[in-house]
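Since this is a predicted model, take the numbers as computed values, not measurements.
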Amino acid sequence: MLGQQDVGHRIVVRRIVGIREGRPLFSDALGELVELSESHLTLATAQGPLRVPRDEVHRAKRVPPTRRPTASAVTELELAADEAWPAQIRGRLGGWLLRAADGWTGRANSALPVGDPDRPLPAAVDAVERWYRDRGLPAMVNTPLPLAAPVGAELDARGWATRPPVLVQTAPLPLPAAPPGAGPAVVELATAPSDEWLAVAAGRKGGLPDAARHVLTAVDQVRFAHAYADGTLIGIGRGTVTGPGRWLGLSLIEVLPEARRQGLAGRLIRALADWAVAIGSTRAFLQVEQSNTGAVALYQGLGFTTHHTYLTRAAPR
């Protein structure tokens with residue numbers, strides 16, 4: 001049977017889906033194992049996320065990857081993403097990054113275990129716990145998979161909780177052209193967010209402390225997309241260009257409920273992509289919870305595919 005060492009790897013699962021004439025009926029599923037608990041396992045498949053109760057699993061095993069990114073490619077993208085979402089307080093543990101931003105978002109308040117922490121793994125996790133405790137914050141670690149699978153196994157042994165799987169997706173630039181008649185809104189880019197933009201972001205993220213403004217704005221190459229209809233802000237987005245690979249990072253793509261299903265999210269993304277291409281970017285990335293199937297479908301239509309996944313782990317309180 002599978003173990004935590006298999007999280008982040010490609011697996012095949014034969015599951016029992018029914019009984020006919022006293023015999024079990026089976027169905028096979030192939031995908032990346034992104035979560036393994038006592039009750040179920042979750043795969044990222046080509047058709048979307050699949051949650052399989054353990055009592056339905058007949059057999060499961062790891063299979064060879066098809067086009068898995070190298071460790072260096074995952075590290076490069078994770079560091080570009082860190083640069084695109086910069087925590088106000090930062091520290092280092094060898095090659096690991098320690099980040100804090102008044103608790104605003106998991107990405108800016110978690111350790112990133114890429115590289116060598118310059119000490120045995122148990123001692124490194126002890127040091128992470130102390131660093132966050134000294135700052136009055138819960139200890140969290142973002143574990144890119146399968147790169148940080150050994151870290152995940154150590155955290156499992158300590159009883160750390162697991163948040164929902166996140167897909168790190170990428171696409172080549174430029175993006176496909178927008179379909180004709182994709183909504184009447186006007187999309188404008190600015191080097192700073194308007195007060196209205198910040199209000200929408202605060203509504204999505206549960207407030208904006210001072211550290212949040214640092215995370216949003218402390219990037220050399222950043223643009224804030226504003227979508228207006230009749231002078232009213234109805235959508236926002238944020239784009240950054242970071243890393244040696246000149247990655248466009250997309251975040252906070254948000255359309256107000258009354259303006260959804262009109263192609264506006266795609267227009268916001270394309271406007272940011274056009275800006276990034278003009279300054280030399282050739283690839284884009286974003287991070288989306290696997291369970292957000294509507295957003296995953298939107299990004300798939302723009303050419304995004306999953307590069308790797310990560311899990312945010314939280315220390316027991």
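With respect to Asp102 and Arg135, no salt bridge is recorded, no charged nitrogen being found less than 4.0 Å from a carboxylate O. Using a cut-off of 4.0 Å between Lys/Arg side-chain N and Asp/Glu carboxylate O, Glu35 and Arg313 are scored as not salt-bridged. Taking the charged nitrogens against the carboxylate oxygens, Arg158 and Glu154 do have a contact shorter than 4.0 Å, which makes a salt bridge.
Among all heavy-atom pairs drawn from Ala185 and Leu264, the shortest one is CB-CD1, 3.9 Å. Nearest heavy-atom pair across Pro316 and Trp160 is CD-CD1, 3.6 Å.
Side-chain contact check for His40 and Glu56: no donor-acceptor pair (N or O, by modelled atom type) lies under 3.5 Å. Side chains of Trp85 and Ser251: a donor-acceptor N/O pair is absent below 3.5 angstrom, by distance only. Thr240 and Thr242 are not linked by any side-chain donor-acceptor pair at a separation below 3.5 angstrom, with hydrogens and angles left out of the test.
At least one donor-acceptor pair under 3.5 Å links the side chain of Arg99 to the backbone N or O of Arg107. In this structure, Thr42 contributes its side chain and Leu50 its backbone to no donor-acceptor pair below 3.5 Å. A donor-acceptor pair under 3.5 Å is formed between the side chain of Tyr132 and the backbone N or O of Ser110.
Residues passing the side-chain contact (heavy atoms from CB on, under 4.5 Å) test with Pro138 are Arg317, sequence neighbours excluded.
Of the listed residues (Val166, Thr143, Val141), just one forms a side-chain contact (heavy atoms from CB on, under 4.5 Å) with Leu311, and that residue is Thr143.
Put simply, the side chain of Val168 does not reach to within 4.5 Å of the side chain of Thr309, judged on heavy atoms. In this structure, Val57 and Val13 have side chains that are in contact, with non-hydrogen atoms separated by less than 4.5 Å. Counting heavy atoms from C-beta outward, Leu268 and Val255 have side chains that approach closer than 4.5 Å.
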Under 3.5 Å, which donor-acceptor pairs do the side chains of residues 202-221 form with other protein atoms, sequence neighbours left out?
| residue | atom | partner | partner atom | Å |
| --- | --- | --- | --- | --- |
| Arg204 | NH1 | Ile253 | O | 3.0 |
| Arg204 | NH1 | Glu254 | OE1 | 3.4 |
| Thr217 | OG1 | Arg213 | O | 2.6 |

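Using a 30° and 60° split on the angle between ring planes, Trp197 and His226 fall in the tilted class, from 30° to 60°.
Residues His58 and Phe26 bring their aromatic ring centres within 6.0 Å. Aromatic rings of Trp96 and Trp131 (six-membered ring for Trp) have centroids beyond the 6.0 Å cut-off, not under it.
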